[in-house]
Amino acid sequence: MVTTNQETILSELKELLTKDLKQTFEAYGENVEKVLTPMRWKPLVLIVGNYSSGKSTFINELIGKDIQRTGQAPTDDSFTVLAYAENEEDEENVPGNTVVNDPNLPFEFLRAFGHSFISHFRLKRVHSPILRDFALIDTPGMLDSVTEKDRGYDYLGVIGELAKLSDVIVLMFDPHKAGTIKETYEAIRGTLPSSTGEDRVIYCLNRIDECDNIQDLVRSYGTLCWNLSQMTGRKDMPRIYLTYSPHHMQQRGLDVSAWENERDELIATIKTAPRMRLSHILQDAERAVRELGTMVEFFKNFKEAFWERAVPTIKIGAISAVLAFFMGDVFLNLLTGFPDSPLLSDILSGDVGFSSLILPVVNGVLVMALFIFYLQRIVFPRLVKRVLTYPDDYIELETRFKQDLWKKVRAKALSFLRAQAPRLIWMRHVKALSKIETFLNHHLERLYREITY
Ligand SMILES: Nc1nc2c(ncn2[C@@H]2O[C@H](COP(=O)(O)OP(=O)(O)OP(=O)(O)O)[C@@H](O)[C@H]2O)c(=O)[nH]1
Ligand SMILES: [Mg+2]
């Protein structure tokens with residue numbers, strides 16, 4: 001359960017984000033709402049896996065009711081959110097269209113995946129004690145090779161976005177298909193923070209009762225380990241829960257009693273979702289703010305590069321304008337005999353009138369305009385072009401972490417630069433950066449410290 005202390009931390013974070021950083025986000029075309037979205041609702045557990053790996057069976061077992069349809073072969077092609085109903089009478093099925101339009105739920109962003117997806121999305125309110133602490137999401141099984149076209153919507157995109165919202169993600173396999181979900185894994189991984197995302201993912205080899213013997217199980221387990229190591233690129237092997245449904249188990253020959261407790265351990269881990277949620281929210285907020293910071297740093301470097309070029313030009317321009325002011329008419333006089341008496345001789349004779357100033361001012365302004373034209377039409381576009389071509393030269397990529405951040409935001413930063421370049425040379429990036437720094441190093445640090453379990 002979320003305690004009062006956790007609630008306080010959440011509302012403090014929310015306040016910090018809306019008070020201190022909202023404007024900064026908006027100034028750079030970003031929306032702080034995206035960071036705030038997951039804070040709106042309860043902890044989420046996402047169950048993903050191959051078709052028929054037993055996801056829906058497991059969910060029914062968790063909530064203690066036969067709510068989700070189960071069966072051999074791909075059974076369910078919908079995403080279902082299972083949420084808490086106070087009473088049996090409040091149990092209901094809510095269609096996707098209503099779910100994505102409900103401002104009290106965090107699913108509005110899914111509207112972007114289109115009608116075809118929304119017709120495969122729903123929420124069921126169920127009276128079950130476990131749902132009081134977190135909501136579950138059942139997903140359609142991953143087919144062997146799913147393309148977007150087959151489904152009519154971006155399946156991997158949806159999975160990725162839901163993973164981003166979730167506190168625990170269960171990846172479920174079965175011995176027959178122990179590792180055909182590379183794309184799904186990548187979609188999930190792609191949206192999670194690179195440093196900490198992995199600890200949200202739980203691996204489960206389900207339906208082990210269907211193995212004929214221990215050799216069979218070891219073979220499946222080995223295949224899964226191999227596939228996982230290929231997918232995750234990790235040197236250590238994450239724990240894989242070996243489970244089976246006690247109600248559906250078959251006595252094929254393998255004595256499964258050795259793994260009797262694994263299902264309970266898996267459930268116990270899932271139940272940590274509410275506790276994980278707070279640190280995930282802080283991590284997500286941190287990541288969003290660091291991404292923004294990376295963009296701002298890039299813009300700051302762009303601005304500096306511009307002024308580095310512009311300041312000498314402006315200086316020369318100013319000197320030239322002064323020269324033109326005093327000397328322009330002298331030259332004109334030498335060349336054309338006009339004006340009769342240049343400004344300098346008027347000054348020397350102490351006879352400076354309004355009319356003797358007109359030509360010098362025109363000369364000065366003309367020269368200045370020429371320099372500004374040069375800056376605007378030649379120096380500036382050239383720099384923009386250079387930065388767009390070699391963006392990596394304008395950001396310090398000293399750590400792997402920074403490289404990852406930059407990879408995530410580069411496209412966004414470049415399109416913002418393309419659209420807003422003239423504005424960027426005037427914006428106060430340093431001030432924005434110092435706000436971001438204060439948030440990360442001061443406020444967020446403190447909130448992390450305050451998380452007490
Ligand atoms: N032997 C055995 N059968 C199981 C187990 N878990 C589920 N089943 C059966 O396997 C079939 C598929 O289970 P589902 O829960 O529908 O699988 P799913 O992952 O939700 O499948 P899709 O929704 O189609 O992706 C059902 O007939 C279940 O009864 C298990 O641990 N052991
Ligand atoms: Mg299912």
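This one's a predicted model, so the numbers in the text were calculated from it and none came from an experiment. First listed ligand is number 1; within each ligand, the first listed atom is number 1.
Set against the non-hydrogen atoms of G141, the atoms of ligand 1 under 4.0 Å away are 25 (O). Residue S56 has at least one heavy-atom neighbour below 4.0 Å for each of these atoms of ligand 1: 15 (O), 18 (P), 20 (O), 23 (O). Every atom of ligand 1 with a heavy atom of Y244 under 4.0 Å away is listed here by number and element: 31 (O). Remark: ligand 1 atoms within the under-4.0 Å shell around heavy atoms of S245 are 5 (C), 6 (N), 30 (C), 31 (O).
Among all heavy-atom pairs drawn from W406 and A413, the shortest one is CZ3-CB, 4.1 Å. The shortest non-hydrogen separation linking F298 to P391 is CE1-O, 3.6 Å. For the residue pair E291 and V409, the shortest heavy atom distance occurs at CB-CG1, 3.5 Å. Taking every heavy atom of both residues into account, G141 and Y155 meet most closely at C-OH, 4.0 Å.
Residue D138 has no N or O atom closer than 3.5 Å to an N or O atom of ligand 1. Considering backbone and side-chain atoms alike, R263 places every N or O at 3.5 Å or more from each N or O of ligand 1. At least one N or O atom of G54 sits closer than 3.5 Å to an N or O atom of ligand 1.
Aromatic rings of F299 and F416 (six-membered ring for Trp) have centroids within the 6.0 Å cut-off, being under it.
Ring-plane geometry between Y28 and H429 is classed as tilted, the angle between the planes lying from 30 to 60 degrees on a 0 to 90 degree scale.
Residue-environment remark: CZ (R446) exceeds the threshold of 12 foreign heavy atoms within 6.0 Å.
Contacts of T70 with ligand 1, taken as heavy-atom pairs under 4.0 Å, involve both backbone and side chain. The proximity of E210 to ligand 1, defined as any non-hydrogen pair under 4.0 Å, is limited to the side chain.
Put simply, part of S52 is less than 4.0 Å from ligand 1, judged by heavy atoms.
Among the backbone and side-chain atoms of S56, an N, O or S atom lies under 2.8 Å from the Mg ion (ligand 2).
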